[in-house]
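A short write-up of the structure that comes next.
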Amino acid sequence: MPELPEVEHAARCLREWVAGRTIVAVETEPRALRIFRPHSRAALARALRGRQVASVRRVGKHLLLALGPEPLGLLSHLGMTGKWLRRAPGEPAPSHSRARLLLDDGAVLHYRDPRLFGRLRLVPGARFDEVTELRALGPDPLAEGIDPRRLGQLLARTRRAVKVALLDQRILPGVGNIHASEACFRARLDPRRRGSSLAAAEVRALAAGVRASLRAAVDALQGPEIVYVEEGGENPFLVYAREGERCPRCRKAPLRRIVQAQRSTFFCPRCQE
DNA sequence: ACCCGTGTTCGCTG
DNA sequence: TCAGCGAACACGGG
């Protein structure tokens with residue numbers, strides 16, 4: 001379920017679950033090899049067994065776990081359907097549990113991922129700064145904030161539609177298909193506009209829109225429950241997956257769904273220019 | 001059966 | 001050389 005807010009939530013949960021804990025055993029599913037590549041299941045289990053989790057960080061949609069006592073990194077990307085779950089001793093495993101970390105308090109951390117788009121990778125010496133995918137990411141919009149000037153410079157260089165450009169993790173890592181639509185709506189910006197066509201004021205509005213959209217989602221996850229798609233929860237978004245509904249701002253036009261770069265985009269044709 | 005999906009990567013093209 | 005595009009990955013739910 002991951003865009004930045006869900007991954008941030010996962011990071012906070014993991015911190016709570018692993019604080020002071022040691023991994024006593026690791027189990028992995030034979031059918032989920034692509035998640036563990038390039039490691040073998042045995043190598044992954046061997047590397048993690050007996051270690052403690054020293055810290056959990058998040059950059060964009062990536063989770064960075066630093067393990068000790070000898071430094072070792074574990075990089076976790078949740079793909080489209082990945083999720084970390086905790087089960088108390090003796091509780092049954094969730095469906096599609098692809099990897100399990102057994103902790104010294106008896107609890108089990110399950111990595112659940114039905115679609116197998118996620119990844120679990122070791123980073124020697126916890127040298128995350130040497131990982132190519134991480135180096136390519138822009139500054140995290142939640143942790144570092146958004147620099148409108150930098151955003152403007154990057155958008156000015158692309159002819160892609162602004163909503164499509166927002167999915168580029170080199171620009172604002174962590175923004176995904178939901179928040180790209182939400183941010184354009186908040187900024188009153190037509191998602192089909194070319195990045196290079198935006199005026200400075202529009203870029204500032206977009207930066208504010210991204211910030212507000214991510215913030216709202218992160219704050220919603222603080223609460224005890226909620227979570228879209230979790231189990232029939234209410235759709236918490238302004239326009240995402242609301243095709244045909246009345247625009248929540250102008251209350252007139254029905255929201256539209258279009259397809260850009262093979263992904264759905266939702267917007268109000270009346271108040272987004 | 002068919003379409004859709006909160007993501008990323010790879011190969012082709014102009 | 002490279003930005004941009006579409007296919008591919010894999011599986012469940014409506």
Side-chain angles (χ1 to χ4, degrees), chain A residues 1-11 29-38 58-63 75-84 94-98 111-121 131-138 141-142 153-185 191-197 210 213-214 216-218 220-221 226-244 257-266:
Chain A
M1 7 176 349
E3 277 183 45
L4 184 152
E6 289 78 14
V7 183
E8 175 64 22
H9 183 64
E29 286 303 309
R31 284 195 56 192
L33 292 185
R34 57 172 283 137
I35 291 175
F36 314 127
R37 265 182 336 204
R58 178 196 58 76
V59 178
K61 301 171 190 170
H62 298 261
L63 289 166
L75 189 56
S76 168
H77 193 292
L78 306 180
M80 199 103 102
T81 53
K83 188 168 191 180
W84 283 97
S95 62
H96 307 99
S97 170
R98 309 302 195 183
Y111 177 61
R112 176 181 194 269
D113 186 4
R115 280 175 77 176
L116 303 175
F117 283 173
R119 288 182 310 129
L120 228 40
R121 257 186 53 197
V131 177
T132 315
E133 307 97 280
L134 297 179
R135 296 183 71 117
L137 300 179
L142 195 66
Q153 286 166 358
L154 291 173
L155 290 176
R157 285 191 220 146
T158 182
R159 291 177 57 76
R160 293 126 102 199
V162 58
K163 189 269 184 172
V164 175
L166 282 176
L167 299 178
D168 184 338
Q169 301 296 292
R170 295 172 298 188
I171 300 180
L172 296 174
V175 174
N177 201 43
I178 291 178
H179 292 285
S181 278
E182 295 287 296
C184 288
F185 174 75
R192 299 165 292 189
R193 290 270 301 280
R194 291 189 188 280
S196 52
S197 77
V210 171
S213 181
L214 295 177
V218 168
L221 289 168
I226 311 178
V227 182
Y228 180 49
V229 160
E230 194 60 300
E231 39 234 283
E234 279 287 294
N235 176 354
F237 304 114
L238 300 174
V239 294
Y240 183 80
R242 294 191 183 280
E243 180 183 18
R257 171 185 177 272
I258 59 174
V259 174
Q260 296 179 287
Q262 311 174 55
R263 317 293 306 277
S264 288
T265 299
F266 300 88

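Chain letters run A, B, ... following the sequence lines, proteins first and then strands; every chain starts at 1.
Rounded to an integer number of Å, the gap from CG of A:N235 to P of B:dG5 is 13 Å. Nucleotide C:dC11 holds its P atom 10 Å from the CG atom of A:D113, rounded to whole Å. Rounded to a whole Å, the CG atom of A:L221 is 12 Å from the C1' atom of B:dT6. When rounded to the nearest whole Å, the span between CE of A:M80 and P of B:dT8 equals 10 Å. In this structure, A:L137 places its CG atom 9 Å from P of B:dT8, rounding to the nearest Å. Going from atom CD of A:Q260 over to atom C1' of C:dC5 covers 13 Å, rounded to whole Å. Across the protein-nucleic acid pair, A:R112 atom CZ and C:dC11 atom P stand 13 Å apart, rounded to whole Å. Rounded to whole angstrom, the span from the CZ atom of A:R37 across to the P atom of B:dT8 amounts to 16 Å.
In plain terms, the two heavy atoms of A:L63 and A:A10 that are nearest each other are CD1-CB, 4.2 Å.
Residue A:F117 and nucleotide C:dC9 are classified as a stacked aromatic pair, their ring centres being separated by less than 5.5 Å at an interplanar angle below 30°.
Here the side chain of A:T158 pairs no donor or acceptor atom with the backbone of A:G195 at under 3.5 angstrom. A donor-acceptor pair under 3.5 Å is formed between the side chain of A:Q169 and the backbone N or O of A:V175. Side-chain N or O atoms of A:R98 include one that pairs as donor or acceptor with a backbone N or O of A:D113 at under 3.5 Å. Judged by distance alone, the side chain of A:Q260 and the main-chain N or O of A:A161 form no donor-acceptor pair under 3.5 Å.
When each of A:E182, A:M80, A:K163 is paired with A:N177, the side chain to side chain contact (heavy atoms under 4.5 Å, CB included) condition holds for A:K163 and for no other.
Checking the phosphate oxygens (OP1, OP2) of C:dC11, no side-chain nitrogen or oxygen of A:R34 falls inside 4.0 Å. Taking side-chain N and O atoms only, A:H77 has a distance below 4.0 Å to OP1 or OP2 of B:dT8. Distances shorter than 4.0 Å separate some side-chain N or O of A:R31 from OP1 or OP2 on C:dC11. For the OP1/OP2 pair of C:dG12 and a distance below 4.0 Å, the side-chain nitrogens and oxygens of A:H96 include at least one atom meeting the criterion. OP1 or OP2 of B:dT6 has not a single side-chain nitrogen or oxygen of A:K83 nearer than 4.0 Å. One finds no side-chain N or O of A:R157 lying less than 4.0 angstrom from the OP1 or OP2 phosphate oxygen of C:dA3. When the side-chain nitrogen and oxygen atoms of A:R160 are compared with OP1 and OP2 of C:dC5, none of them lie within a distance under 4.0 Å. Between A:T81 and the phosphate of B:dG7, there is no side-chain N or O to OP1/OP2 separation shorter than 4.0 Å. When the side-chain nitrogen and oxygen atoms of A:K61 are compared with OP1 and OP2 of B:dT6, none of them lie within a distance under 4.0 Å.
Here A:H179 and A:F237 bring their ring centres to under 6.0 angstrom of each other.
B:dT6 and C:dG4 have their C1' atoms separated by 23 Å, given to the nearest Å. When the P atom is used for both C:dA7 and B:dC3, the distance is 14 Å, rounded to whole Å.
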- request: Apply the test side chain to side chain contact (heavy atoms under 4.5 Å, CB included) to residues A:K83 and A:H9: give CA-CA distance (whole Å), side-chain angles for both, the deciding distance (0.1 Å), then the verdict.
  value: CA-CA 10 Å; A:K83 188 168 191 180; A:H9 183 64; over 6 Å; no
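Paired runs in DNA chain C that reach 3 or more consecutive Watson-Crick or G-U pairs, where each pair keeps both distances under 3.5 Å, cover B:2-5 with C:11-14, B:7-14 with C:2-9.
If you check every strand for non-hydrogen atoms under 4.0 Å, A:R115 touches a base.
Each of A:A261 and A:R170 has a nearest nucleotide on DNA chain C; the 5'-most of these lies closest to A:R170.
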